[in-house]
Structure formats: C-alpha cells, structure tokens
2 protein chains.
Amino acid sequence: MDVSVKGEYALRAVFELSRHGRPEPVKIARIAERQKIPQKFLEMILAQLKQGGYLGSRRGVDGGYFLARPPDQITVGDILRQIDGPFQPAKRPFADEPTDSPFPEMWDRVERALSCVIDRTTFADLVERWRQRRVKGVPNWQI
Amino acid sequence: MDVSVKGEYALRAVFELSRHGRPEPVKIARIAERQKIPQKFLEMILAQLKQGGYLGSRRGVDGGYFLARPPDQITVGDILRQIDGPFQPAKRPFADEPTDSPFPEMWDRVERALSCVIDRTTFADLVERWRQRRVKGVPNWQI
DNA sequence: CCGAATCCCTACTAGTTTACTAGGGATTCA
DNA sequence: TGAATCCCTAGTAAACTAGTAGGGATTCGG
C-alpha cells in the first residue's frame, strides 16, 4: 500500500521537466543531478515514460528529454500508473470469492477516493503550488 | 500501490468473525474453509491480529478466535495497517529532497482521501451492506 | 567524414518481500 | 490421559525492487 521509489523518481523527473517549461530538451544527467536520482536508473524510468507517450526525446549533443504534452495535461495518476502499473487494491474479485462479498464495492470506493486526488492533480498544479510556496509567508489569496 | 493478499485474507477473516456475531470462538479451520484461505497461513495472520488487540482466542476442544471488540469498533483501516504496516505513499519527506518539494503535501491529500474510506468503514458496515445485498432486488430504502 | 555527446538497449544482480509450508509445542477440557 | 485446538519457530521458492554494467545508435558541429 505504498508507492515504489521508482514511482517517486518518475514524479520528480516529470516535475523537473514541467518546472523547466520551455521546449528545449533537458539532459538525463541534469535531471538526475537536480533531483538526486541515480542516472542509469533514471534512464530506464524515462524510457518507460516515453513509451507511455508522456515524454519525447532527442539524441546527440543538444539532446535530452521533454514533455510530450503541456504539464496541465499530465496527471500524477498517469505517471504512477505508467510506472507502477494499475492500482488494484486486491485482484478484484478474488477468483474463488463468493460473488456476494462486500469487498469489491469497498475497493471501488477506495479507488474513487484515490482517483479524486491523483487523477485531478496535474503537473501544472504542482508547479504552481510549488511557486506559491517559494514566496515565503504564504500569501492570503491562496485558496 | 496495492493491498497484499495477506491483507485481503485478514479482512475476510475479520469479516467472517463479524458475520458470525455471537461470542463463541470460531475455529481457524472453519474460517479457512469458508473464506478459502490456506490454514497455516491464516494462523499467522490471526496471531498478528490478536497481538494487535483486535482478536481474542481460546485453545482446547471448543477453542477458536473471536472479536475482541464489537464489529462497529473495528475498521478496515485498523486491520490493513496491522497487517501491511502504515500506509506511507513515499517515505515522506525523501531524505535528500529539497524541503520545498510539492509532493509531501500531495501525499497528505492522498492519505486523507484514503482514510475517508478505510478508517470510516467498520465491519458492522460491511456486514450490514452484505446483508442488504443478499436480499436480491436491493430495496429502495437503501441510502 | 570524425568524434564527442547524448539517448537507447540488453543483461545482470544483491537484497528484500511475498505467500506460503513444515513440524512440533502448549493449553484446555471431557 | 488424550484429543482438539491454538501457538511458535523456522524454512523456502518465486517474484520484485532498486539498482549497476557495458556498450550500441543518433545527432550534430566542425
């Protein structure tokens, strides 16, 4: 019932790219350094995110990775599911479980509750909140 | 980001005891059979739930396990945390993470959303819903 | 065309966790 | 006493986690 380190790394990498904003590619080495992620491990993660359609890349001297869509169209849930697989509270319905078990319905509720957070939080949101936070003192007009 | 089989077994076992209701102990063998759980595995699970204070037991010929408190005072979250450990989305805050990371706040939201379901669903609720469901046709006076 | 920089791809691995199984010991009670 | 039950320790095959290693394929400036 937790998120893998790999998943957390993926989130941090996409956050880094979102924060960067501009369309120029960012090098793996730079992301690894800024987010303190082992570089070779990060390579695999970014490849996985690319093949999920969330990132693009370019090789060569000015190469790197970049977002394949704007940050307000990538959610935390997207990335987590791409890396850690679909969230299945229990391989519902348990193969040999009587069909009147009360649990599948509860797992649905859990999934919906979770979805309300992770599928509604975009990286644009995260960057914005992070920017607000940087202005120490937390202004009043914050929601 | 899923629940272990062990956790699911624990829920089913406690549900079985809640459904049974009466204060007489239920034998491991019976729970294992009714909920299709490997018996020796279930023994470990029940021991863990007992040492968490959720179950009591009696040995000997008419022995078995029973709830240590009424089912409306045991939540799904209690059992899950006792078996699978505390829910920590990411070992927050990541040791080497800059303190202005946007993620800890998001994990808090996830945790609260989850808590709204698992810490508010008692086994009395589960049994009641399950009873309602058994009456095929699902009556109108249901919430 | 060269070669440096970068992404890309496959394979390997130590350590941990998961989902069990095995074998018996301690209690209870008729 | 002995049968039924819970109790306790240990072991274990398979999968998963969090990486590491080593090089191949592209790109691009010169």
Side-chain angles (χ1 to χ4, degrees), chain A residues 1-13 17 24-33 35-52 54-68 80 83-86 88-91 94-96, chain B residues 1-13 16-17 24-33 35-52 54-68 80 83-91 94-96:
Chain A
M1 206 143 180
D2 52 0
V3 173
S4 67
V5 171
K6 194 175 172 186
E8 175 93 15
Y9 285 162
L11 293 179
R12 293 210 268 161
L17 292 174
E24 306 129 36
V26 182
K27 299 184 217 320
I28 290 179
R30 182 168 167 77
I31 301 173
E33 183 217 348
Q35 294 288 338
K36 304 276 172 47
I37 302 171
Q39 179 162 344
K40 279 301 212 173
F41 194 29
L42 182 58
E43 283 188 26
M44 298 173 85
I45 294 168
L46 295 181
Q48 213 173 325
L49 292 177
K50 179 185 178 177
Q51 84 105 38
Y54 301 105
L55 301 184
S57 65
R58 205 169 65 201
R59 306 200 224 193
V61 75
D62 268 321
Y65 277 91
F66 48 89
L67 298 182
L80 249 27
I83 295 298
D84 287 347
Q88 290 174 336
K91 3 284 154 202
F94 240 60
D96 48 2
Chain B
M1 206 147 180
D2 51 0
V3 172
S4 67
V5 172
K6 192 174 174 187
E8 175 94 15
Y9 285 162
L11 293 179
R12 293 210 268 161
E16 186 64 26
L17 292 175
E24 304 131 37
V26 182
K27 298 184 217 320
I28 290 180
R30 181 167 167 77
I31 302 174
E33 183 218 349
Q35 295 286 339
K36 304 275 172 47
I37 302 171
Q39 178 162 343
K40 280 300 212 172
F41 194 29
L42 181 57
E43 283 189 25
M44 298 172 86
I45 294 168
L46 295 182
Q48 212 172 327
L49 292 177
K50 178 184 179 179
Q51 84 106 37
Y54 301 105
L55 303 183
S57 65
R58 205 169 65 202
R59 305 199 226 195
V61 75
D62 268 321
Y65 276 91
F66 48 89
L67 298 182
L80 249 27
I83 295 298
D84 288 345
F87 166 64
Q88 289 174 337
K91 2 285 155 206
F94 240 63
D96 48 3

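Residue numbers begin at 1 in each chain, while the letters A, B, ... track the order of the sequences. The figures here come from the full heavy-atom set of this structure, side chains too, leaving out hydrogens, waters and symmetry mates.
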> Rounding to an integer number of Å, can you tell me how far A:Leu42 CG sits from C:dC9 P?
15 Å
> DNA chain C: A:Val61 or B:Asp62, which has the more 5' nearest nucleotide?
A:Val61
> What's the shortest heavy-atom distance between B:Leu46 and B:Ala13, and which atoms?
CD2-CB, 4.0 Å
> Within the 4.0 Å limit for protein heavy atoms, which parts of nucleotides 7-14 of chain D are touched? Write it as a string from 5' to 3', B for base, S for sugar-phosphate only, - for none.
BB-B----
> Can you measure from CZ (A:Arg58) to NZ (A:Lys27) and round to the nearest 0.5 angstrom?
9.0 Å
> Which heavy atom in B:Leu42 sits nearest to a heavy atom in B:Ile28, and how many Å separate them?
CD2-O, 3.8 Å
> For B:Tyr9 and C:dA19, is the shortest distance between a side-chain N/O and OP1 or OP2 below 4.0 Å?
no
> Check whether any side-chain heavy atom of A:Glu8 sits under 4.5 Å from a side-chain heavy atom of A:Arg12, and report yes or no.
yes
> Specify the separation, in whole Å, of atom CD of A:Gln51 and atom P of C:dC9.
10 Å
> Rounded to the nearest angstrom, tell me the gap between atom NZ in B:Lys6 and atom P in C:dT21.
14 Å
> Atom CD1 of B:Ile45 and atom C1' of C:dC20: how far apart are they, to the nearest Å?
10 Å
> In this structure, how many angstroms lie between the C1' atom of D:dT5 and the CD1 atom of B:Ile31, rounded?
13 Å
> In this structure, how many angstroms lie between the P atom of D:dT5 and the CZ atom of B:Phe66, rounded?
16 Å
> In whole Å, I'd like the distance from the CG atom of B:Asp2 to the C1' atom of D:dA15.
13 Å
> Which distance, rounded to the nearest 0.5 Å, do you find between the CD1 of A:Ile31 and the CD1 of A:Ile45?
10.5 Å
> Could you check how far CD1 of A:Ile83 sits from P of D:dG19, rounded to whole Å?
14 Å
> What distance separates B:Leu49 CG from B:Ile83 CD1, expressed to the nearest 0.5 Å?
4.0 Å
> Rounded at 0.5 Å granularity, tell me how far CG in A:Leu55 sits from CZ in A:Phe66.
8.5 Å
> Over its full length, what angle do the end axes of the helix from C:dC1-D:dG30 to C:dA30-D:dT1 make, each axis taken from five pairs and the result rounded to 10 degrees?
10°
> Got a second to check how far B:Arg30's CZ is from B:Gln35's CD, nearest 0.5 Å?
10.5 Å
> What closest approach, in Å, do B:Ser57 and B:Lys50 show between heavy atoms, and which atom pair accounts for it?
OG-NZ, 2.8 Å
> Quick one: which of C:dA19, C:dT6, D:dT20 gets closest to the side chain of A:Phe41?
D:dT20
